[in-house]
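What follows is one structure encoded as structure tokens, with my remarks underneath.
Each ligand, and each atom within it, is numbered from 1 in the order the structure gives. Since this is a predicted model, take the numbers as computed values, not measurements.
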Amino acid sequence: MDYGMPLIGDKFPEMTVQTTHGKLTLPQAFEGQWFILFSHPADFTPVCTTEFYAFQQRYPEFRKLNTELIGLSIDQVFSHIKWTEWISDNLDVEIEFPIIADHGQVAEKLGLVHPGAGSSTVRAVFFIDPKGTIRAILYYPAELGRNFDEILRMIKGFQVADSQKVAIPANWPNNELIGDRVIVPPASDVVSAKTRMDEYECYDWWLCHKPLEK
Ligand code: BEZ
């Protein structure tokens, strides 16, 4: 069956998965929390090992942001366990988040196997909000490890955008034009297009910005 890839704005498809922490039903298992589901091509591969190390290093920071992590590859649970034991023994890091042992069904539902990538999953990252809606999807090839600071920045950006009803500029919080300030959403009528120039700092009525609310 070809499900194609879910899109941003879709609800995360309901599924029960086998993980290193037992069976979990998604997205309910993380209801009320953000979660990041990320796939990697295979256990015991070098780039993936650096990625797991990097993700685990940032795990406490994700948890402070009410965000859980869950990995996935088309490998069996015993392989995930042996690999994370190797990481613990050799790199001195305990992988604390669950890893899905997929037989291919989850990969098919989420569009994780690229036709050019054989039978292993690409490096995909799904960002799911506390209501179970997919908010962003990143898709990387096997040869390029992900930037985990960017993944953390995206979670922070979503949380600020949602709570303060603003948009997040490029390279935030180090934007070249407005630093850590945020973008006021576009005017929706002629009157607010004029008044906003007095209310905010603006380059023009359609490019206004303001400081973050603390
Ligand atoms: C790696 O993680 O190193 C890797 C995995 C699959 C293909 C190429 C590299």
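A perpendicular orientation is assigned to the rings of His40 and Phe52, their planes being inclined by more than 60° (bins at 30° and 60°).
Residue Trp86 qualifies as enclosed at atom CH2: its count of foreign heavy atoms under 6.0 Å is above 12.
Nearest protein heavy-atom neighbour of atom 4 (C) of ligand 1: Arg123 NH2, 3.6 Å. Regarding atom 8 (C) of ligand 1, its nearest protein heavy-atom neighbour is Ala142 CB, 4.0 Å. Among protein heavy atoms, atom 6 (C) of ligand 1 sits closest to Pro41 CB, 3.6 Å.
If you number the atoms of ligand 1 from 1 as listed, the ones under 4.0 Å from a heavy atom of Pro46 come out as 1 (C), 2 (O), 3 (O).
Between Phe38 and Phe55, the gap from one ring centroid to the other is short of 6.0 Å. For Phe127 and Phe35, the distance between ring centers is not under 6.0 angstrom.
Both the backbone and the side chain of Cys48 come within 4.0 Å of ligand 1, judged by heavy-atom distances.
Some N or O of Val47 is nearer than 3.5 Å to an N or O of ligand 1, by distance alone.
Inspection of the Ser73 and Thr121 side chains reveals no N or O donor paired with an N or O acceptor under 3.5 Å.
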